[in-house]
Amino acid sequence: MPDNQITIGFVRRGYSATGGAEAYLQRLARGVVDLGYEVRLITTQEWPASAWPFGEITRLRAGSTTAFADELEELRLQIRYDLLMSLERVWRCDVYRAGDGVHRAWLERRQQFATPLQKLSRCFSRKHRGILCLEKSLFADGGAGHVIANSEMVKKEIVDLYGYPADKINIVHNGVPIDRFRFDPARRENARAALKLQDGEIALLFVGSGWERKGLRFAIDAIERCPGLNLRLLVAGRGNSRGYKSNRVQFLGEIVDLVPIYSAADIFILPTIYDPFSNASLEALASGLPVITTRSNGFSEIIENGVHGSIVDLANDVEELRKAILFWLDKPRRSSARSTIMQRAAQFDIAKNVEQTLAILLQDVAQPAS
């Protein structure tokens, strides 16, 4: 049994009831507590006490990314922990989970799709400068004793852009609760009826907030290039729909329980400009849906093109997106691929993810770096 005096501190700013990082952290904390360790959450006021039944909560007042990191640094000696794992960009920690990817890499890719005015305004963004400073502190200056990346793509970006030692980065792909996300014909029938989907109507599903980064406009453009076909794009997530005009799009808003929505859909599409590893893509895979996405999604590393979905090189290659949609419109093809798709997702069960992360954490317990 471990020394029950050892406390692992977890850092996460803000809270979303539908957030993948929050769900991941809750499962991880449960695993740590079950092994006999104590845990402490360091967060802001948004995180409800009812969503953290595992241990104490230390709440910081600062809201912005940089201010939060500054306050954590100021109070570091007053907060009891033996090892600090952060899911946020902070100045230093023992283990940093780069679940949000590399901000510098995202900005570089974003520039490829920006107007000249957007490029100029972003050069003077205080927010971006602050995040880049924190990122430099963690990677280039060695503030992170150990890094967990959720894809090979993210690991390569950290090494290439900041010179962080590759041997101090572990890759732990995101996980999904397989018992929750699965194909269920009865649930599918009920869900389609609730969404008023017609017989023979093909439902493509887009899930996520941050629609610019996740490529919603490219998904809409691709569907608009499929005239005469009975298609509907379901969009689940937070965003401003006013800039996206199409009579083939149905905006569902932010949904806590996405299981019925995956059940109703036929194809999942996420032509993202940058995504370290899309949780929604993995949930769709577990639900038996072929996933159309880009190589800029770390998730694409775990699927085979034409077998589990389709991988497009560039988010704005609307013609290739259109071809991928047409490929998966074939119902017999989707039906025959479903078993293979779900078997692939089963290899990334959340229990395996937590087990891998715990092993890394416990390895660091003996020799915390910060």
Side-chain angles (χ1 to χ4, degrees), residues 12-26 44-48 50-51 63 99-100 174 176-177 180-184 187-198 201-224 226 230-294 297 299 315 321 325:
R12 178 64 180 176
R13 182 176 63 91
Y15 178 82
S16 169
T18 60
E22 286 81 354
Y24 162 86
L25 184 52
Q26 288 164 331
T44 47
Q45 297 298 322
E46 294 89 344
W47 194 299
S50 60
D100 293 329
N174 290 2
V176 62
R180 183 171 172 230
F181 294 93
R182 61 186 187 279
F183 179 75
D184 184 327
R187 184 166 60 200
R188 172 177 168 79
E189 184 177 346
N190 293 334
R192 287 180 67 87
L195 291 168
K196 296 181 172 55
L197 287 165
Q198 305 167 7
E201 186 173 15
I202 302 297
L204 289 93
L205 175 61
F206 175 103
V207 173
S209 301
W211 292 346
E212 177 197 2
R213 177 169 65 87
K214 294 183 183 288
L216 177 57
R217 64 188 171 104
F218 305 132
I220 294 174
D221 288 349
I223 288 175
E224 290 297 332
C226 300
N230 194 9
L231 306 179
R232 190 191 306 188
L233 178 63
L234 305 174
V235 177
R238 185 175 60 254
N240 185 352
S241 61
R242 285 181 297 179
Y244 301 91
K245 303 297 183 184
S246 172
N247 57 12
R248 289 174 143 186
V249 179
Q250 181 177 350
F251 292 97
L252 306 177
E254 196 168 11
I255 298 175
V256 174
D257 182 12
L258 282 164
V259 171
I261 309 302
Y262 288 118
S263 298
D266 299 289
I267 301 166
F268 185 83
I269 184 167
L270 192 79
T272 182
I273 296 173
Y274 182 77
D275 208 314
F277 188 112
S278 163
N279 274 315
S281 296
L282 186 55
E283 291 169 353
L285 201 73
S287 303
L289 301 180
V291 176
I292 299 172
T293 191
T294 66
N297 180 357
F299 163 85
L321 289 171
I325 291 171

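Below, each value reflects all heavy atoms present in this structure, side chains not excepted, and no hydrogens, waters or symmetry copies. Throughout, numbering of the chain's residues begins at 1 and tracks the sequence.
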Requested in this report: Could you tell me whether the side chain of F277 reaches within less than 4.5 Å of the side chain of L282, counting heavy atoms only?
Outcome: yes

Query raised in the report: With a 4.5 Å heavy-atom cut-off, do L204 and L231 have their side chains touching?
Result: yes

**Report entry** ring pair (Phe, Tyr, Trp, His ring centres under 6.0 Å) between W211 and F251, worked out
**Finding:** CA-CA 12 Å; W211 292 346; F251 292 97; 5.5 Å; yes

Report task. Please round to the nearest 0.5 Å and tell me the distance separating atom CD of E283 and atom CG of L258. Result -> 6.5 Å

Report task. Would you sort out whether V235 and L216 count as a side-chain contact (heavy atoms from CB on, under 4.5 Å), showing the intermediate values? Result -> CA-CA 9 Å; V235 177; L216 177 57; 3.8 Å; yes

Query raised in the report: Got a sec, which residues hit salt bridge (Lys or Arg N to Asp or Glu O under 4.0 Å) with E254, two or more places apart in sequence or on another chain?
Result: R238

Query raised in the report: To the nearest 0.5 Å, what is the distance between CD (Q198) and CG (N230)?
Result: 5.5 Å

Query - Min side-chain heavy-atom separation E201-K196 under 4.5 Å - result: no

Requested in this report: State, to 0.1 Å, how close A265 and R188 come at their nearest heavy-atom pair, and which atoms those are.
Outcome: O-NH1, 3.0 Å

Query - side chain to side chain contact (heavy atoms under 4.5 Å, CB included) partners for R180, two or more places apart - result: P177, D257, V259

Report task. Any pair with a residue in residues 254-276 that passes ring-ring contact (aromatic ring centres under 6.0 Å, His included), sequence neighbours left out, goes on the list, sorted by first then second residue, please. Result -> F181-Y262

Query raised in the report: Quick one: are R248 and R232 in side-chain contact, heavy atoms under 4.5 Å?
Result: no

Requested in this report: Can you measure from OG (S278) to CZ (F299) and round to the nearest 0.5 angstrom?
Outcome: 7.0 Å

Query raised in the report: Are S16 and E22 linked by a side-chain donor-acceptor pair shorter than 3.5 Å?
Result: no

Query - side-chain contact (heavy atoms from CB on, under 4.5 Å) between I220 and V249, intermediate numbers included - result: CA-CA 8 Å; I220 294 174; V249 179; 3.9 Å; yes

Query raised in the report: Checking side-chain contact (heavy atoms from CB on, under 4.5 Å) for the pair L233/I269: CA distance, chi angles, key distance, verdict?
Result: CA-CA 9 Å; L233 178 63; I269 184 167; 3.9 Å; yes

Query raised in the report: How many angstroms lie between atom OG1 of T294 and atom CD1 of I273, to the nearest 0.5 angstrom?
Result: 9.0 Å

Query raised in the report: So how far is it from S287 OG to R182 CZ, rounded to the nearest 0.5 Å?
Result: 10.0 Å

Query raised in the report: Are the side chains of L270 and F206 in touch, meaning some heavy atoms are under 4.5 Å apart?
Result: yes

Requested in this report: Search all heavy atoms of P271 against all heavy atoms of A315 and return the closest pair with its distance.
Outcome: O-CB, 3.2 Å

Query - side chain to side chain donor-acceptor pair (under 3.5 Å) partners of T293, counting only residues at least two apart - result: N297

Query raised in the report: Of all heavy-atom pairs between K214 and G208, which one has the smallest distance, and what is that distance?
Result: CD-CA, 3.9 Å

Query raised in the report: Does the side chain of L205 reach to within under 4.5 Å of the side chain of I267, using non-hydrogen atoms?
Result: no

Requested in this report: Nearest 0.5 Å please: distance from the CZ atom of R213 over to the OG1 atom of T272.
Outcome: 5.5 Å

Query raised in the report: Can you name the nearest heavy-atom pair linking A191 to P260, along with the distance?
Result: CB-O, 3.1 Å

Query raised in the report: Quick one: salt bridge (Lys or Arg N to Asp or Glu O under 4.0 Å) partners of R192, sequence neighbours excluded?
Result: D266

Query - Side-chain heavy atoms of L252 within contact of L195, under 4.5 Å - result: yes

Requested in this report: Ignoring hydrogens and angles, state whether a donor on the side chain of T44 or R13 is under 3.5 Å from an acceptor on the partner side chain.
Outcome: no

**Report entry** Closest non-hydrogen atom pair between Y15 and A51, with its separation
**Finding:** OH-CB, 3.7 Å

Requested in this report: Could you walk me through whether I255 and I261 pass side-chain contact (heavy atoms from CB on, under 4.5 Å), step by step?
Outcome: CA-CA 9 Å; I255 298 175; I261 309 302; 3.9 Å; yes

Query raised in the report: Taking only residues two or more places apart in sequence or in another chain, which ones pass side chain to side chain contact (heavy atoms under 4.5 Å, CB included) with A21?
Result: R12, L87

